[in-house]
2 protein chains.
Amino acid sequence: MPTAKPTDASIDLEGRTASARRTRGGTKGLRITDVAAQAGVSPITVSRVFNNPASVAPETLERVRQVVQKLGYVPNRLAGGLSSARSRLIAAIVPTIAHSLFSETIQVFSETMSRAGYEVLLALSGYSDTNEESLLDTVLSRRPEGVLLTGVAHTESLRERLRNVGIPVVETWDMTDTPIDMLVGFSHYRIGEAVAERFLARGMKRPALIVASDARALARRAGFRDRLAQAGMTSVAEVIVAPPSSLATGKSALPQLLQGAPDVDAVFCGSDLLAIGALGAARQMGLQVPSQLAVCGFGDLDFATETTPQLTTVRVDGTRIGVSAARFLLDRFNGVHERAFVDVGFSVVERESA
Amino acid sequence: MPTAKPTDASIDLEGRTASARRTRGGTKGLRITDVAAQAGVSPITVSRVFNNPASVAPETLERVRQVVQKLGYVPNRLAGGLSSARSRLIAAIVPTIAHSLFSETIQVFSETMSRAGYEVLLALSGYSDTNEESLLDTVLSRRPEGVLLTGVAHTESLRERLRNVGIPVVETWDMTDTPIDMLVGFSHYRIGEAVAERFLARGMKRPALIVASDARALARRAGFRDRLAQAGMTSVAEVIVAPPSSLATGKSALPQLLQGAPDVDAVFCGSDLLAIGALGAARQMGLQVPSQLAVCGFGDLDFATETTPQLTTVRVDGTRIGVSAARFLLDRFNGVHERAFVDVGFSVVERESA
DNA sequence: CTGAAAGCGCTTACAG
DNA sequence: CTGAAAGCGCTTACAG
């Protein structure tokens with residue numbers, strides 16, 4: 001009896017290619033044909049059970065699902081995506097998710113997208129442009145169906161390429177007249193102006209800056225300085241630190257600032273972290289906040305204002321940004337082709353000094 | 001002249017299947033064959049330029065790279081992954097990245113993995129087990145080469161399935177004697193004990209709890225209560241809140257707690273957020289912290305201790321967890337088959353009261 | 001409501 | 001150092 005065939009065909013993986021050269025393949029190497037064979041239908045029908053169940057007869061549906069359950073079959077989306085040109089993947093390019101700022105946005109963005117059947121590929125760009133450019137290749141190699149960007153994309157070549165890909169793009173957390181596609185953000189420049197105005201209204205004589213040198217922080221700086229210049233304050237003391245900003249840098253930046261300009265009576269910090277660090281330094285130096293030194297931060301951390309009532313801060317609604325960005329992408333997938341553009345604004349929060 | 005052929009063949013997409021039924025396909029629909037044709041090599045050579053450049057002659061390498069650059073070709077990893085059974089994808093299953101706790105871990109994990117050529121698929125599980133189970137299917141459909149889990153996986157069926165897939169798994173942020181595979185974490189139970197001990201050493205008479213009802217917080221609660229019971233304190237007042245914990249819940253939980261047990265002189269809160277919220281409430285109630293009421297939090301936020309020196313807190317090194325988890329996975333990919341298991345411990349931090 | 005054929009864009013395993 | 005053939009596991013576009 002040569003070439004005896006296997007007897008137990010219940011989980012028979014015949015049909016496996018003759019040379020069987022590829023051993024691996026995730027989740028037991030189960031394929032759609034295995035499910036199809038067991039359920040007595042064609043692979044296409046199994047495919048439809050996952051992707052368009054309404055088009056399958058209830059009984060067939062049930063039978064296939066039983067087999068899927070029994071075998072523990074999980075479709076291979078690498079194959080599915082390749083075949084359908086639909087990866088069901090959204091790329092989110094973010095400088096960092098540590099220390100909050102963007103984490104709330106990514107959180108709700110991810111929740112909203114996954115409810116709609118998409119997953120989020122997280123790409124951390126740090127704060128360098130060159131990095132962002134090479135990151136884009138990595139990201140595009142997964143053929144995402146949409147992209148969330150943090151900030152308005154910097155280099156023209158990146159913007160150009162993103163436009164060429166032809167997938168929806170949402171820029172967030174910043175503002176521009178010429179977005180690549182869609183935008184949910186706010187103006188950092190106007191925030192700087194608003195904080196300057198607040199300081200002026202409070203009668204501050206010598207406002208100063210502590211900022212990290214990233215694009216958005218520098219835009220806030222520009223708005224701040226321009227507004228002060230309008231009021232005749234053309235020389236503004238400042239300490240510029242390397243991103244990412246941290247408690248420690250804020251802490252060391254304040255003494256440095258005051259050393260060069262001892263009469264400073266208000267500081268606009270590039271982030272809540274820097275502000276909290278500066279406040280710690282102020283405490284150590286015996287400075288009363290805000291009476292001797294007003295401190296203003298920036299961010300979306302309830303934390304900051306809760307723990308530090310004497311802090312003024314600019315609050316941004318990171319949650320709304322994330323939800324809106326997701327909605328805009330999903331609308332596109334549903335054929336809505338408007339060019340969504342939203343300024344979510346900001347608010348300057350100042351607690352009553354207790 | 002019927003069937004005239006196109007003249008300009010410089011970016012000629014001939015070879016495209018006759019029926020051309022699939023229009024889409026990302027990044028201009030450029031395929032490896034387009035690059036190969038332009039460079040005068042076979043597709044396999046182009047593939048090697050990306051995946052194993054050392055095996056290609058320097059001149060060929062250069063020529064292919066020029067064409068890639070010129071055309072703006074980005075390989076399709078859906079196809080590559082399907083063909084090679086290597087997705088270069090790592091799944092990270094995390095309850096949430098908002099409000100920090102895990103965000104630092106994910107940040108450094110993602111950085112480390114991407115430096116090694118892997119991308120991170122972020123899957124947010126919330127705090128429900130059932131969710132985690134269905135999330136696993138979604139995640140496995142991408143055929144990740146490794147999985148990072150937050151916490152020790154709950155249901156046995158999930159553990160079972162994960163083991164069957166045969167890819168490396170790292171559980172983090174918790175401790176168990178029977179991990180699925182590898183583990184980088186610490187014992188929540190022992191943290192509870194340690195905080196109880198600290199309170200006892202300080203002579204607290206009536207320690208209490210404010211915790212969210214997630215598995216890990218409840219483990220801390222158990223350690224806390226057991227240790228107090230050893231000291232003869234068998235009745236411990238507590239308020240249990242629904243996760244995720246927040247400032248607001250902490251704020252409302254404290255009055256509730258004190259209403260039922262006015263003599264409480266120490267509270268162990270399930271997280272820094274809860275603790276900060278509770279501190280806010282204490283302030284409003286005119287309670288001195290820590291002299292009248294000691295408050296202890298939990299987390300990895302510099303923030304908490306910096307802004308709130310009167311807070312005692314349990315600190316965990318989220319960064320180390322992320323880096324170690326990444327290293328363990330990468331070791332596996334490099335053929336190191338040890339079953340890595342690390343207890344990173346924790347520390348109770350108490351600032352000198354100023 | 002269901003299926004046979006062809007193809008998605010890569011890489012493997014040889015062979016030279 | 002380079003390439004021709006075959007296959008990875010799905011889905012599309014028909015047709016019935």
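These numbers come from the heavy atoms of this one structure, side chains and all, not from hydrogens, waters or symmetry mates. To find a chain, count down the sequence lines: A is the first, B the second, and so on, and within it residues start at 1.
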Exercise for the section: For I44(B) and for A79(B), find the nucleotide of DNA chain D with the closest heavy atom, then tell me which residue's nucleotide is more 5'. Expected result: I44(B)
Handout entry: Pairwise 5' ranking along DNA chain D for S55(B) and P75(A), keeping only the more 5' one
Key =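 By nearest-heavy-atom nucleotide position, the 5'-most residue is S55(B).
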Practice task
Determine whether the side chains of S114(A) and E119(A) contain a donor N or O and an acceptor N or O closer than 3.5 Å.
Solution key: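 No, because no side-chain N or O of S114(A) sits under 3.5 Å from a partner of the opposite role on E119(A).
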Practice task
Taking atom types as modelled, find out whether T176(A) and E171(A) have a side-chain donor-acceptor pair closer than 3.5 angstrom.
Solution key: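 Short answer, no.
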Practice task
Fit a plane to each ring of Y118(A) and F333(A), take the angle between them on a 0 to 90° scale, and name the class: parallel (under 30°), tilted (30 to 60°) or perpendicular (over 60°).
Solution key: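 If you compare the ring of Y118(A) with that of F333(A), the planes turn out parallel.
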Handout entry: Check: dG7(C) base within 3.5 Å donor-acceptor of S83(A) side chain
Key =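 Between dG7(C) and S83(A), which were checked side chain against base, a qualifying N/O pair under 3.5 Å is present.
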Practice task
Hunt down the Watson-Crick or G-U wobble partner of dA15(D), both distances under 3.5 Å, from any strand shown, or write none.
Solution key: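 dT2(C) is the nucleotide pairing with dA15(D).
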I need the [atom1]-[atom2] distance between [X] and [N], as an integer number of Å.
X	N	atom1	atom2	answer
R88(B)	dC10(C)	CZ	C1'	15 Å
F50(A)	dG9(D)	CZ	P	15 Å
N51(A)	dT11(D)	CG	C1'	8 Å
R31(A)	dG7(D)	CZ	P	12 Å
N52(A)	dA13(D)	CG	C1'	14 Å
L78(A)	dC10(D)	CG	C1'	10 Å
L82(B)	dG7(D)	CG	P	14 Å
R48(A)	dA13(D)	CZ	C1'	11 Å

So, is [X] near the phosphate of [N], with a side-chain N or O under 4.0 Å from OP1 or OP2?
X	N	answer
S47(A)	dT11(D)	yes
T60(A)	dT2(C)	yes
Y73(B)	dC10(C)	yes
S84(B)	dC8(D)	no
T45(B)	dT2(D)	no
N76(A)	dC8(D)	no

Handout entry: Of the listed nucleotides dC10(C), dT2(C), dG3(C), the one nearest the side chain of A57(A)
Key =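 My answer, after comparing the listed nucleotides, is dT2(C).
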Practice task
Could you go through the side-chain contact (heavy atoms from CB on, under 4.5 Å) check for T138(A) and R88(B) one step at a time?
Solution key: CA-CA 11 Å; T138(A) 308; R88(B) 293 284 177 186; over 6 Å; no
Exercise for the section: In plain terms, say whether R159(B) and E156(B) are close enough for a salt bridge, that is, a side-chain N and a carboxylate O under 4.0 Å apart. Expected result: yes
Practice task
Check every strand shown and say whether R77(B) touches a base, only sugar-phosphate, or nothing at a heavy-atom separation below 4.0 Å.
Solution key: nothing
